[in-house]
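For the numbers below, each heavy atom of this structure counts, side chains included, while hydrogens, waters and symmetry mates do not. No experiment lies behind these values; they were computed from the predicted model shown.
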Amino acid sequence: MSPEPYTCALDPNTETRVKIYLMRDVKNIETIRSNVIDGTWKCAVIKPSLILDILQVVVAANRAVLSERSNTMVTKTVYSEILYNLSLTKNISQSLSKFGVEKDPSVLICFLVNETDESENIINAIDGELCPLSELNKFTNLKDVKSVYKLNNLKSDLDFLDVIISRMVTKSFVSH
């Protein structure tokens, strides 16, 4: 039996759930990238090395869905909006290249599900091993997380997640 994805309801007004899978040893990254970029696959593919906790992805997905609903998206698709929301920068291309996958053999795949759920078809097309999301911390590179979220001068490691989430949601009106 393969590991179950993480699922969570987003803002109730959107009637949308987020569904997240973690995979390692992925061999067809180029195919995945091109299918996501050209819009064939409706998902966000994220570098797990920059994710401290799955809550980061849930918050970014919720903001993306709310932005789509209110027609205030900064990017072209709700899935690129997720990557943009994970980042502290307002530069779209930097956000997409920093959080999107290029050559990484490990990926987080994020789906937004409302009426239809195509996640199984896409997951089955990925040549890699599904992992339980409880193993996410094995993929996280704390040094990179500290650098990306500008956490190097924090004295305690305990509050990283709180600081990251706060910085993500305030990036539109605060420069960090």
Discussion item. With heavy-atom distances below 4.5 Å as the criterion, would you say the side chains of Leu136 and Pro48 are in contact?
Written reply: yes

Worksheet item: Same hydrophobic cluster for Tyr79 and Leu22, using side-chain heavy-atom links shorter than 4.5 Å among ILVMFWY?
Response: yes

Worksheet item: Can you check whether Asn91's main-chain N or O pairs, donor with acceptor, with Ser95's side chain at less than 3.5 Å?
Response: yes

Worksheet item: Is the shortest heavy-atom distance from the side chain of Cys131 to the side chain of Phe139 under 4.5 Å?
Response: yes

Worksheet entry | Glu15, CD: over 12 other non-hydrogen atoms inside 6.0 angstrom | no

Worksheet, complete the sentence: So NZ of Lys76 and CD of Glu81: to nearest 0.5 Å the spacing works out to 13.0 Å

Item to complete: State plainly whether one hydrophobic cluster holds both Val59 and Leu112, where clusters connect Ile, Leu, Val, Met, Phe, Trp and Tyr through side-chain heavy atoms under 4.5 angstrom apart.
Response: yes

Discussion item. With a 4.5 Å cut-off on side-chain heavy-atom distances among I, L, V, M, F, W and Y, is there a chain of contacts connecting Phe111 to Leu10?
Written reply: no

Worksheet entry | CG on Leu133 to OH on Tyr21, rounded to 0.5 Å | 10.5 Å

Discussion item. Please say yes or no: joined through hydrophobic side-chain contacts below 4.5 Å, possibly via intermediate residues, are Ile54 and Ile82 part of one cluster?
Written reply: yes

Worksheet, complete the sentence: One should read off an interatomic distance between Ile20 CD1 and Cys8 SG, to the nearest 0.5 angstrom, of 8.0 Å

Item to complete: For Thr72, enumerate each residue passing the side-chain hydrogen bond (donor to acceptor under 3.5 Å, both in side chains) test, keeping only those at least two apart in sequence or located in another chain.
Response: Ser70

Practice prompt. State, yes or no, whether a side-chain contact exists between Val18 and Cys110 at a heavy-atom distance under 4.5 Å.
Written response: yes

Worksheet item: With a 4.5 Å limit on heavy-atom distance, are the side chains of Val58 and Tyr6 in contact?
Response: yes

Worksheet item: Counting only heavy atoms not in Lys27, do more than 12 fall under 6.0 Å of its NZ?
Response: yes

Worksheet item: If you take all heavy atoms of Asp117 and Val113, which pair is closest and at what distance?
Response: CB-CG1, 3.7 Å

Worksheet item: How long is the gap from OG on Ser49 to CG on Leu108, to the nearest 0.5 Å?
Response: 9.5 Å

Response to the item:
Which of Lys146, Gln56, Lys150 passes side chain to side chain contact (heavy atoms under 4.5 Å, CB included) with Ile164? Answer is Gln56

Discussion item. If you define the side chain from C-beta out and look only at heavy atoms, does anything of Thr31 sit under 4.5 Å from Asp127?
Written reply: no

Worksheet entry | Side-chain heavy atoms of Ser67 within contact of Val74, under 4.5 Å | no

Worksheet item: If Ile, Leu, Val, Met, Phe, Trp and Tyr residues are connected whenever their side-chain heavy atoms lie under 4.5 Å apart, and connections chain through other members, are Phe99 and Val36 in the same group?
Response: no

Response to the item:
Distance col, row Lys19:NZ vs Glu4:CD, nearest 0.5 angstrom, shows 8.5 Å

Item to complete: Apply side-chain contact (heavy atoms from CB on, under 4.5 Å) to Leu151 and Arg167, showing your working.
Response: CA-CA 11 Å; Leu151 303 172; Arg167 289 182 178 179; 3.8 Å; yes

Fill in: Heavy-atom side-chain proximity of Val101 to Arg33 below 4.5 angstrom
yes

Response to the item:
Only residue of Arg24, Met23, Lys47 satisfying side chain to side chain contact (heavy atoms under 4.5 Å, CB included) with Val107 is Met23

Worksheet item: Can any side-chain N or O of Asp104 pair as donor or acceptor with the backbone N or O of Ser106 at less than 3.5 Å?
Response: no

Worksheet entry | Over all atoms of both residues, closest heavy-atom pair of Ser80 and Leu96 | O-CD2, 3.6 Å

Item to complete: Taking all non-hydrogen atoms of both residues into account, name the closest pair between Trp41 and Ile122 and its distance.
Response: CE3-CG2, 3.5 Å

Fill in: Sole candidate of Leu52, Val163, Leu86 that passes side chain to side chain contact (heavy atoms under 4.5 Å, CB included) when paired with Tyr149
Leu86

Worksheet item: Any idea which heavy atoms bring Ile51 and Val145 closest together, and the distance?
Response: N-CG2, 4.4 Å

Worksheet item: Linking Ile, Leu, Val, Met, Phe, Trp and Tyr through side-chain heavy atoms less than 4.5 Å apart, which residues share a cluster with Leu66?
Response: none

Fill in: Any donor-acceptor pair under 3.5 Å from Thr140 side chain to Leu142 backbone
no

Fill in: Over all atoms of both residues, closest heavy-atom pair of Asn152 and Ser147
ND2-CA, 4.1 Å

Practice prompt. Output the distance between atom OG1 (Thr170) and atom CG (Leu88), rounded to the nearest 0.5 Å.
Written response: 8.0 Å

Item to complete: Please report the shortest heavy-atom distance between Asn137 and Ser134, naming the atom on each side.
Response: OD1-O, 3.7 Å

Fill in: Side-chain donor/acceptor of Asn85 to backbone N/O of Met168, under 3.5 Å
no

